[in-house]
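Here's the structure, in structure tokens; my notes come after.
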Amino acid sequence: MARTAVSATITGENQFTPWFSFRPSPGEKHCAGLYIGPQSSFSGTIVLQTKRPGADDSTAQDIPSQTFTSPTAKTLEFAHDIEVRVGCKTGGYTSGSIDVEISE
């Protein structure tokens, strides 16, 4: 069963939400909200990563156009089965506490 929300509080590098599963019906898009630090004061780079359903975490890939350095709220849309997570990679965290969430 697909999760309807995943969240985390980032306080260091190499920390991510659990994976959020996008499972659209044929011919449709699956949408969810992405929320990064709406009440947070932080310094760092947050990335959005994807992988195939069931694949190992080591196969995760950054979405190049989806990096964030300030509070953000946006809609994510995918037209195919995919898993997504958001967080801070090694070397991307500087300071603060960053609340992140992906939810329907």
How long is the gap from [atom1] on [X] to [atom2] on [Y], to the nearest 0.5 Å?
X	Y	atom1	atom2	value
Thr4	Ile102	OG1	CD1	12.0 Å
Phe42	Thr9	CZ	OG1	12.5 Å
Ile46	Ile98	CD1	CD1	4.0 Å
Phe22	Glu77	CZ	CD	9.0 Å
Trp19	Thr50	CH2	OG1	7.0 Å
His30	Ile82	NE2	CD1	12.5 Å

- Look at Arg23 together with Glu83 and state whether they make a salt bridge at an N to O cut-off of under 4.0 Å.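 Result for this pair is yes, salt bridge flagged.
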- Should Leu34 and Phe68 count as side-chain neighbours, where that means a heavy-atom distance under 4.5 Å?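 Yes - at least one pair of side-chain heavy atoms lies under 4.5 Å apart.
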- Sub-4.5 Å side-chain heavy-atom contact between Val100 and Ser7: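 Sidechains of Ser7 and Val100: no contact.
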- Do Ile36 and Leu76 sit in the same hydrophobic cluster, where Ile, Leu, Val, Met, Phe, Trp and Tyr count as joined when their side-chain heavy atoms come under 4.5 Å apart?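 Yes, same cluster.
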- Group every Ile, Leu, Val, Met, Phe, Trp and Tyr by side-chain heavy-atom contacts under 4.5 Å, then state whether Ile63 and Val6 land in the same group.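 Yes; tracing contacts between hydrophobic side chains, which count when under 4.5 Å, links both residues.
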Any donor and acceptor pair, going by atom type alone, linking the side chain of [X] with main-chain N or O of [Y] inside 3.5 Å?
X	Y	value
Ser40	Asp99	yes
Thr17	Val86	yes
Thr72	Ser70	yes

- Nearest non-hydrogen partners of Cys88 and Gly12, listed with the distance: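 Smallest interatomic distance, heavy atoms only, reads CB-O, 4.1 Å.
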- Does CD in Gln61 sit with more than 12 non-hydrogen atoms of other residues, nucleotides or ligands closer than 6.0 Å?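 Count not over threshold, so no.
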- Query: Can you tell which of Lys51, Lys89, Arg85 makes a salt bridge (charged side-chain N to carboxylate O under 4.0 Å, His left out) with Asp62?
  - Reply: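 Running salt bridge (charged side-chain N to carboxylate O under 4.0 Å, His left out) over Lys51, Lys89, Arg85 with Asp62 returns exactly one hit, Lys89.
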- Go through the structure and list residues passing side chain to side chain contact (heavy atoms under 4.5 Å, CB included) with Thr67, not counting sequence neighbours.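 Partners of Thr67 by the side chain to side chain contact (heavy atoms under 4.5 Å, CB included) criterion, ordered by chain and then number, come out as Thr45, Val47.
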- Message: Do Lys74 and Gln66 pair up side chain to side chain, a donor and an acceptor below 3.5 Å, judged on atom types alone?
- Response: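 Yes, because at least one side-chain N or O of Lys74 sits under 3.5 Å from a partner of the opposite role on Gln66.
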